[in-house]
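Following: one structure in structure tokens, then a few remarks.
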Amino acid sequence: MGRNLTQKIIAAHLVEGDLAPGRTIGLRIDQTLTQDATGTLAWLEFEALGLDRVRTELSVSYVDHNLLQTDFKNADDHRFLRSAAARFGAVFSPPGNGICHHVHLEQFARPGRTLLGSDSHTPTAGGAGMLAIGAGGLDVAAAMAGRPFFVTPRVLGVRLVGRLPDWVAAKDVILELLRRRSVKGGVGFVLEYFGEGVQGLSVPQRGVIANMGAELGATSSVFPSDERTAQFLRAMGRPDQFTPLAADEGAAYDEVETIDLDQLEPLIARPSMPDNVVPVREAAGLAVDQVIIGSCANSSLTDLALVAAALEGRRVYPGLTLDINPGSRQILMNLSASGDLNRLLLAGARLNQPGCLGCLGLGQAPPTGAVSLRTMPRNFPGRSGTRDDQVYLCSPEVAVAAALTGRIVDPRELGDYPSVSEPESYLGDSANLVFPPQDGRTVEIVRGPNIAPFPELEPLPEDLTATVILKVGDDVTTDHILPAGAEVLPLRSNIPAISACVFQDTDDTFCDRIARSGPAAVLGGENYGQGSSREHAALAPRFLGVRVKLAKSFARIHRANLINFGIVPLTFADPRDYDRLNQGDRLEFTGWRRSILDGQEDLDAAGPDGPLRLILSADDRERRTLAAGGRLGLVRRELQEEGR
Ligand code: MIC
Ligand code: SF4
């Protein structure tokens, strides 16, 4: 039987295990990316491994999230990252250069290669035929040290047929998948796109779709590498990096979804979950106060050129604010050269520097009660920085229609669709990238006072009594566990300080209560820990004393992060036990360290009303990690045993 593309890339990178259904396998990672908000910790972890240089083909350290420099903290982090990149052999992309996923697509994405990034939207590079995966910082640090990354891949084939109609965008393809399958509908899968409909999509459009596969909880999203990929790489001045790649004829998939592009219509995700999707016409008429076009999903050159063309000779609706956050400096330079930047400014748009900005609450918060339309990938509650916000997610087409009319309208009502195509060549911009010296051993790593050492984590005890410190519902995000925003983000390199913010918007008594309770357990519903890859959402609770998380199911990256920091992720043999347990209950685990190391799946605990049957589905490696209290020490030991 023919192989699908995911299997082909995996086969070329397999270093541990067999490619068989349900098996966990180890993959060689060719490239890594880190961004500043997760990168400070990832680089501290890499440093703790004791190597002189990264062992990947390419590692890039981006600064794109914490761009606000309201005091020394973010600026110190930037300087630390710049010096660590030079010390350990990574390329450094400084603040202002752009969002990691855009810049990586422009400068480094290569068909057929593997990429691991400490950001959940790393799969954006799948738009250029890479197998690109988001992970916690420690897994990325291990990959930078040449360790494999472990996955249990099932492949969901997404067959695209037809062609996108005018005013219907790549964003609508992924919103349609979210509508069908929900924010947990991709967990455990690589989403692989195939079919004749793929050809009609440019690499930046594919990037939008691959980017938001993260919102379905997918491990990765991958597109074939074809003539459109070749065209993109040529335009980027990297024609030699093209390789054609596709699934074999008749390749099998674990599941298949078909999307007929001709039948799609403009869609919109209502507050406050990316899967709360309806056709735009169902939300039409609602007055809009703020429109932001930006983020790693939709602020490519063609996205912004389309917006400029739709605005040409017109003005933004009175009283509405239209913000443009270009994806990268290169995009900004090209907009400027083509005259589109002036068209945007003449229409009344407000221009911001390339970066994540309001997508994670770093500025651009909407006013009280305002409706905000954004082309971003996430609208989790409060993420914009305004409590009780009303953030809608949509394509640039829907966003510009609202910017012109002051309401949510079906953009097809705007009339002729402006024709915008990919340029033959992009005005290049790699000038700002900082390449590392051949030998960085003499480079001094510069640390500011806010950069705290990595905390010591003691091994798992043989017996444990834990108090249920908090009970939460389904689809709890890592933004709930540890929010982003201008106050919390500067503490990402300081675990003791950021720990005081755990669950702060959910229950502001959490930290006081856990300080008194001793070892603690958190109780969650389905898809616990979806969203961001931030490992701080595991490490900070662990620092405070959380040793167990009980949930109906876990999101992939968060589950891996919990294990990496020695928190045991348990599910219920009988999901009704979730309803029976309450905040304040005590759970007793006797001899569980031994049981975990012995490979036992059923881990019984004594609960308030008798025994509870809990399940630990974890492989040997994960069990050893849990027993050791975390992965960092284990990787260090593995490297020592191999003689470095
Ligand atoms: C996000 O979009 O949620 C973030 C902020 O980019 C995160 C990373 C982080 O929390 O630093 C992500 O997607 O992983
Ligand atoms: Fe940045 Fe938003 Fe993309 Fe996250 S989702 S990388 S915060 S632009």
Side-chain angles (χ1 to χ4, degrees), residues 33-42 62-68 74 77 81 93 95 97-105 116-125 132-137 139-140 174 183 207-208 210-215 217-218 274 292-300 303 323 325-328 331 352-364 374-380 382-385 391 393 477-486 488-493 498 501 529-540 555-558 560-561:
L33 71 77
T34 49
Q35 43 89 340
D36 51 307
T38 54
T40 44
L41 204 52
Y62 293 93
V63 177
D64 55 358
H65 281 63
N66 291 335
L67 299 179
L68 300 183
N74 289 341
D77 282 355
L81 290 168
S93 178
N97 228 28
I99 304 174
C100 55
H101 310 304
H102 281 289
V103 181
H104 209 82
L105 209 51
L116 194 72
S118 62
D119 191 280
S120 66
H121 293 106
T122 301
T124 312
I133 303 175
D139 284 334
V140 177
I174 193 68
V183 286
V208 175
N211 172 289
M212 282 185 65
E215 267 42 74
I292 307 180
I293 300 177
S295 87
C296 56
N298 278 114
S299 54
S300 67
D303 283 337
D323 277 49
N325 305 347
S328 70
I331 292 167
N352 299 285
Q353 67 172 314
C356 298
L357 312 177
C359 182
L360 75 161
L362 287 171
Q364 302 180 306
R374 300 174 170 212
T375 63
M376 297 163 175
R378 298 194 161 137
N379 59 347
F380 300 147
R383 180 173 155 107
S384 67
V391 175
L393 306 176
T477 70
T478 45
D479 280 76
H480 289 100
I481 303 170
L482 192 59
V488 183
L489 278 163
L491 306 175
R492 285 286 184 93
S493 47
I498 206 170
C501 310
Q530 66 154 331
S532 150
S533 65
R534 63 191 72 145
E535 60 187 346
H536 308 70
L539 181 53
R556 174 187 65 90
I557 306 180
H558 188 58
N561 288 339

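Residue numbers count from 1 along this sequence. Both ligands and their constituent atoms are indexed starting at 1 by order of listing.
Although no hydrogens or angles enter the test, the distance criterion places no donor-acceptor pair under 3.5 Å between the side chain of Arg383 and the main chain of Val391. Under a 3.5 Å cut-off, the side chain of Asn561 and the backbone N or O of Ser533 do form a donor-acceptor pair. At distances below 3.5 Å, not a single donor-acceptor pair connects side-chain atoms of Asn74 with backbone N or O atoms of Leu67. Using modelled atom types, one side-chain atom of Thr478 and one backbone atom of Ser532 make a donor-acceptor pair closer than 3.5 Å. Side chain of Glu535 to main chain of Ala538: no donor-acceptor pair is present (N/O by atom type, distance under 3.5 Å, no hydrogens or angles). Side-chain N or O atoms of Asp36 include one that pairs as donor or acceptor with a backbone N or O of His65 at under 3.5 Å. The closest donor-acceptor contact from the side chain of His480 to the backbone of Thr477 lies under 3.5 Å.
The immediate protein surroundings of ligand 1, defined as residues with any heavy atom under 4.0 Å of it, consist of Gln35, Ala37, Thr38, His65, Asp119, Ser120, His121, Leu360, Arg378, Arg383, Arg492, Ser532, Ser533, Arg534.
The side chain to side chain contact (heavy atoms under 4.5 Å, CB included) check on Pro377 picks up His121, Asn211, Met212, Glu215, Ser295, Cys296, Ala297, Cys359, with sequence neighbours excluded. Applying the side chain to side chain contact (heavy atoms under 4.5 Å, CB included) criterion to Asn298, with sequence neighbours excluded, gives Lys171, Val208, Asp303, Thr375, Pro396.
Numbered from 1 in the order shown, with element, the atoms of ligand 2 that lie under 4.0 Å from a heavy atom of His65 read 1 (Fe), 4 (Fe), 6 (S), 7 (S). Close contacts of ligand 2 with Arg383, meaning ligand atoms under 4.0 Å from a residue heavy atom, involve 2 (Fe), 5 (S), 7 (S).
Below the 2.8 Å limit, atom 3 (Fe) of ligand 2 has as protein N, O or S neighbours Cys296 SG.
Between His536 and Val488 there is no side-chain heavy-atom pair separated by less than 4.5 Å.
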